[in-house]
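Here, residue 1 is the first one in the sequence, and each next residue gets the next number. First listed ligand is number 1; within each ligand, the first listed atom is number 1.
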Amino acid sequence: MKESIEHKALRERGLRITQPRIVVYRALADVKAPLTAQEIVHSARLVDQATVYRTLELFVEAGIARKVNLQSGLVRYELNSDDHHHLTCTRCERVEDFRGCHVEKISSHALAHSRFFSTITSHSLELFGLCNSCSRT
Ligand SMILES: [Zn+2]
Ligand SMILES: [Zn+2]
Ligand SMILES: [Zn+2]
């Protein structure tokens, strides 16, 4: 039988496979946006709140998930995947992922014009706007 992605992710980070960990992993994997701990508690109905919080911290320590600190202030979690960024609705704080930030282009432009820097080691970017339902009202 082929190993599921959530089993593989846990095993590769040396974590024991437990039902709550699988449920929390799936909750994170199922969406295309970072979730707050409360949203995960909601979607992982069979797991109690304290376990969800503990599991999220464990995932962050193990490098499976990361905390996303958006300007709205609520800490959100997502799986530690590829380079991507977030669109945030300024009215309802809905968040969505987007890919393709062309960071290489911006970095080389920045370095070419910089007097003091020769390396870029990381970047962050957040776009703000109105989601579809907020722009209708
Ligand atoms: Zn909105
Ligand atoms: Zn994201
Ligand atoms: Zn990027």
Looking at [X] and [Y], does any basic side-chain N land under 4.0 Å from a carboxylate oxygen?
X	Y	result
E78	R66	yes
R99	D82	yes
E3	R11	yes
E93	R76	no

| Taking the Zn ion (ligand 3) as the vertex, how big is the angle to SG in C101 and OD1 in D83, rounded to 10°? |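 Roughly 150°, rounded to 10°.
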
| Stepwise side-chain contact (heavy atoms from CB on, under 4.5 Å) test for F59 and R13 | CA-CA 9 Å; F59 279 8; R13 310 284 176 163; over 6 Å; no

| message | Please tell me whether Y53 and Q38 have a donor and an acceptor in their side chains that are separated by less than 3.5 angstrom. | response |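 Yes, a side-chain donor-acceptor pair sits under 3.5 Å.
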
| Is there a donor-acceptor contact under 3.5 Å linking the side chains of H85 and D97? |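 No pair is found: no donor N or O on one side chain lies under 3.5 Å from an acceptor on the other.
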
| Residue E78 atom name (nearest to the Zn ion (ligand 2); N/O/S) |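 The E78 atom nearest to the Zn ion (ligand 2), restricting to N, O or S, is OE1.
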
| request: Determine which of the N, O or S atoms in D97 is closest to the Zn ion (ligand 2) and give its atom name. | output: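 Among the N, O or S atoms of D97, the one closest to the Zn ion (ligand 2) is OD1.
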
| query | Backbone or side chain, does H85 get an N/O/S atom under 2.8 Å to the Zn ion (ligand 3)? | reply |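 Yes - counting backbone and side chain alike, H85 has an N, O or S atom under 2.8 Å.
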
| Should the ring pair H109 and H113 be called parallel, tilted or perpendicular, given that the plane angle runs from 0 to 90° and is split at 30 and 60? |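 Judged by the thresholds at 30° and 60°, the geometry between H109 and H113 is tilted.
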
| task | Report, as a single number, the protein N, O or S atoms less than 2.8 Å from the Zn ion (ligand 1). | result |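 That number is 4, waters not included.
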
